[in-house]
Every structure is written in C-alpha cells, then in structure tokens.
J.: 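Before I ask anything, here is the structure I am working with.
Side-chain atoms are counted along with the backbone in the values below, which use heavy atoms only and exclude waters and symmetry mates.
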Amino acid sequence: MGRAAAVIGVGQTRYRSRRGDVSIAGLVREAALRALEDAGLAFGDIDAVVLGKAPDLFEGVVMPDLYLADALGARGKPLLRVHTAGSVGGSTAIVGAGHVRSGVFDRVLVVAWEKQSESNATWALTVGQPFSTSLVVGAGGYFAPFIRSYIERAGAPGHIGHVVAAKDRRNALRNPYAHLRIPGITAETVAASPMLWEPIRYLDTCPSSDGACAMVIASAEAARSARGTPAWIRGTAMRSEPISFAGRDAVDPRAGRDCAADVYAQAGVTDPRREIDTAEVYVPFSWYEPMWLENLGFAGPGEGWRLTEAGATAADGDIPWNASGGVLSSNPIGASGLIRFAEAAQQVRGAAGGHQVDGARTALGHAYGAGSQFFAMWIVGSEPP
C-alpha cells in the first residue's frame, strides 16, 4: 500500500443543467480553488495535478488536459489525464492517491468535470466508431435489459426503483450543491413519470449536469499539519473486464465483486454492512442500488431489493447510501465518480453539512463505467491506517 495518504481539501461547484457563466477552464478552476481553500493551500503548494475526464467526444475537446493546465496551476508540474469512462472520477482519485502513497509527491490536486450543456452524451454513445461498440440508444437503453434481468432473477417488485429515486432526491434537498431538488417527491411521483426504457422511468434516471469536483490528497506528514480534519485513505482498488465474453454476468459483474473484495481486504473490512457507516455509490439508474448492494457484498444474491424496501439505505437506516443525493441528483459524468469519493471523504471528516451521517467514521466511495466493466472504489476513515 505504500505510505499513508489522506484527503485534506474538497471543492465542488454547484451542479446545474447549464453553467453558461463559465468556460470549461473556469468551471474546473472554481472547484480547484475551493479544494485549495479548504486545505489552506495555494496552487504553489501542489506538487502534481491529476485530471479526470469522460470521453473527449462528449464536448469535442481533444486532449483537454493540455487546454486546462494553466487553469489548474499545472504549468511546469507533472499533469496526468485519466479516462475510464463513467468510472473516471473514482479512477482519478485513486491515481492521485497513488502519486502520494508512492512517496514521489506530498500534495496532489485531483480534478474531474463535465459540461453536458456543451455536449450530447447520448449522441456520443450512439455513434459507431472503429473498434468500439455503439450503445445505439444511449446509456439507459443499454442498461435497461440488465435491470429487467435483475428483476426477474431476484423476484423484485416493480416499485423498488421508484423507492430509490425518491430516497436519493429527498437526500438531495439537504445538499446545497445538488442539481435536482424536488420537494415532496415520493415513489408515486416517480411511478407517474414517463417511461423511457422499460422499466426505467424519467425520474428513475440521472440528470445531465454541468459541474466539477476537486480534492487535495496529501502525505501523512502534510495531512497532520493541514488546517482541517483529514479523511484517511484505508484502501483503493480498480478492476475492469471486457464488455462481452462468454458467460459474462452484466447484472453482477465479476470485476465489481473482485474490486470490492480487494478494497475490503486492504481496509480490514469483513462485513461491509456492519463495518461501513455510509456509502456513496454510483447509481445513475435507480435500480442499480439493489444490484450494487449485492455486487458489493452488503446483501446476498436476490436480497438487495429487500434492504432498499426495508429502508436500510435511507438516511435514517443502518447503512445510509448516497446521503448527498447521489448520481440520481447530480451527474456531471466525468466528475460523478470523484463526487462519490469526495462525499465519502466529507462524511468521515464530519464536513458533509446538512447531509452528514451521524457517527460516520468509515465510508465507501464507488464508481463504475462503460458497460458495467470499469470499477473504482476506496474506503476512507477518520483514523489513520
């Protein structure tokens, strides 16, 4: 694992349908400056920058890391761009943590973003390119058959997804950064929204957001002298698998299970439901909460939906998931995974504000991407490893 590392600063923009007041450079700089302010640092204190971005085709800016170097104070410093589809935000945090844990750098700035108002993600995922698979009808159309398979396999009732969507949107009302804020939302409200891809209804799906997120990750020595409370990184893991192969289980991907097993082993977690106080999990379509409850070992096969229905993942449940409102409430794609990791860090720092989970000392951050094939996870805690 190398030397210890911790999150000492977090910065987010407000997530909106359109941030027409700033360019992409202005958007990422806004998040970066907030993370530096939280850490009590300036750009000159940063040793290296790691930038995360979903496919260049989204906004049509090729090699955006070069364009954004000045905005992120990276001129003359090591700058690395990370891309692992929708999981990229999580992967970016892990690469930044690796920079510090290696002993090469003491303070690393990690940034990820998306400006979907200047993009067309559904079109970008539909265009057939050489040596790649077109999703034909965007992400929702691709994932809907897996959801239908889960429902049949688990014997889940049809309202479970609506319960998740309403829960996360209610959580978002306590998060000032959240994009979707729908007072009074209920499962019945979600059920009455238009059908998009059976069984995914309009309010079962994530929004298209503009926004950016940033973190400062530091060595143990730098963390102990930092202004705020550190979130200590207890374990990190990434896994991937091909989008298709004989016997692949896209409902319960092997890469996800292996990634979770790895990060739990590093953090000394043997029973995630009892040993993890809260989790920020990448749920872009509401049905993925029960699916990931099983994939991540919080529930046995076919039992994830029962935990959701029983309220276990609600803000007042025993395993609160997505207290921030999650991807269902804010979705700047390239940053969505980093937001999950940052929100997990804020929980153990006691800095989550109105959506703080009482007594959160250990938290899981999770991201997945592409065809449920890229996974990134970390566990952070209030105590050093």
J.: For the residue pair S324 / E280, report whether a side-chain donor-acceptor contact shorter than 3.5 Å exists.
T.: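 There is such a pair (donor and acceptor under 3.5 Å, judged by atom type) between the side chains of E280 and S324.
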
J.: Run the salt-bridge test on R257 and D249 with the 4.0 Å N-O cut-off and return the result as yes or no.
T.: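 D249 and R257: not salt-bridged.
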
J.: Looking at E118 and K115, is any side-chain nitrogen of the basic one under 4.0 Å from a carboxylate oxygen of the acidic one?
T.: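 A salt bridge is present here (some side-chain N lies under 4.0 Å from a carboxylate O).
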
J.: Does the side chain of W378 reach to within under 4.5 Å of the side chain of V380, using non-hydrogen atoms?
T.: yes

J.: Would I24 end up clustered with V88 when hydrophobic side chains under 4.5 Å apart are linked, directly or stepwise?
T.: no

J.: Distance only, no hydrogens: is a donor on one side chain within 3.5 Å (strictly under) of an acceptor on the other, for H355 and E343?
T.: yes

J.: Under 6.0 Å from the CE atom of M63, do we count more than 12 heavy atoms belonging to anything else shown?
T.: no

J.: Taking atom CZ of R34 as the centre, does the number of heavy atoms from other residues, nucleotides or ligands within less than 6.0 Å exceed 12?
T.: yes

J.: Would you check, one step at a time, whether the test side chain to side chain donor-acceptor pair (under 3.5 Å) holds for R101 with T236?
T.: CA-CA 11 Å; R101 293 162 82 179; T236 65; 3.1 Å; yes

J.: When you look at F375 and W292, which way does the ring-ring contact (aromatic ring centres under 6.0 Å, His included) test go after all the steps?
T.: CA-CA 12 Å; F375 291 86; W292 291 151; 5.6 Å; yes

J.: Hey, is D65 close enough to K53 for a salt bridge, meaning N to O under 4.0 Å?
T.: no

J.: Are any of the side-chain heavy atoms of I217 and I8 separated by less than 4.5 Å?
T.: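 No, too far: nothing below the 4.5 Å cut-off.
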
J.: Got a salt bridge between R234 and E383, using NZ or NE/NH1/NH2 to carboxylate O under 4.0 Å?
T.: no

J.: I would like to know whether E198 and R148 meet salt bridge (Lys or Arg N to Asp or Glu O under 4.0 Å); could you show each step before the answer?
T.: CA-CA 8 Å; E198 177 68 36; R148 293 195 295 270; over 6 Å; no

J.: For D358, look at atom CG and say whether over 12 heavy atoms of other residues, nucleotides or ligands are found less than 6.0 Å away.
T.: no

J.: Looking at side-chain heavy atoms only, is the closest gap between R349 and V10 below 4.5 Å?
T.: yes

J.: Step through the shown structure and confirm whether more than 12 heavy atoms of other residues, nucleotides or ligands are within 6.0 Å of CZ on R254.
T.: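 No, the 6.0 Å shell around CZ holds no more than 12 heavy atoms from other groups.
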
J.: Testing Y282, Y368, Y150, F146 for ring-ring contact (aromatic ring centres under 6.0 Å, His included) with Y288, which one passes?
T.: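 Among the candidates, only Y368 passes.
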
J.: If you count heavy atoms of other groups shown closer than 6.0 angstrom to CD of E303, is the number above 12?
T.: yes

J.: Can you tell me if Y202 has over 12 outside heavy atoms packed within less than 6.0 Å of its OH?
T.: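 No - once you tally the heavy atoms of other residues, nucleotides and ligands closer than 6.0 Å, there are 12 at most.
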
J.: Less than 4.5 Å apart, any side-chain heavy atom of D204 and any of H162?
T.: yes

J.: Can D210 and S117 be counted as having a side-chain donor-acceptor contact under 3.5 angstrom?
T.: yes

J.: With no hydrogens and no angle check, just 3.5 Å: does a side-chain donor-acceptor pair link E289 and T313?
T.: yes

J.: Indicate whether any N or O donor in one side chain lies under 3.5 Å from an N or O acceptor in the other, for T186 and E188.
T.: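 Checked: T186/E188 side chains pair up, N/O donor to acceptor below 3.5 Å.
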
J.: With the threshold set at 4.0 Å, does a side-chain nitrogen-carboxylate oxygen contact exist between R239 and D262?
T.: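 The answer is yes: the pair qualifies as a salt bridge.
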
J.: Can you check side chain to side chain donor-acceptor pair (under 3.5 Å) on S209 and E114, steps first, answer last?
T.: CA-CA 7 Å; S209 308; E114 198 75 56; over 6 Å; no

J.: Can you establish whether the number of heavy atoms outside R181 located under 6.0 Å from its atom CZ is more than 12?
T.: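 Yes - once you tally the heavy atoms of other residues, nucleotides and ligands closer than 6.0 Å, there are more than 12.
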
J.: Quiz question: by atom type and distance under 3.5 Å, do the side chains of N331 and H179 form a donor-acceptor pair?
T.: no

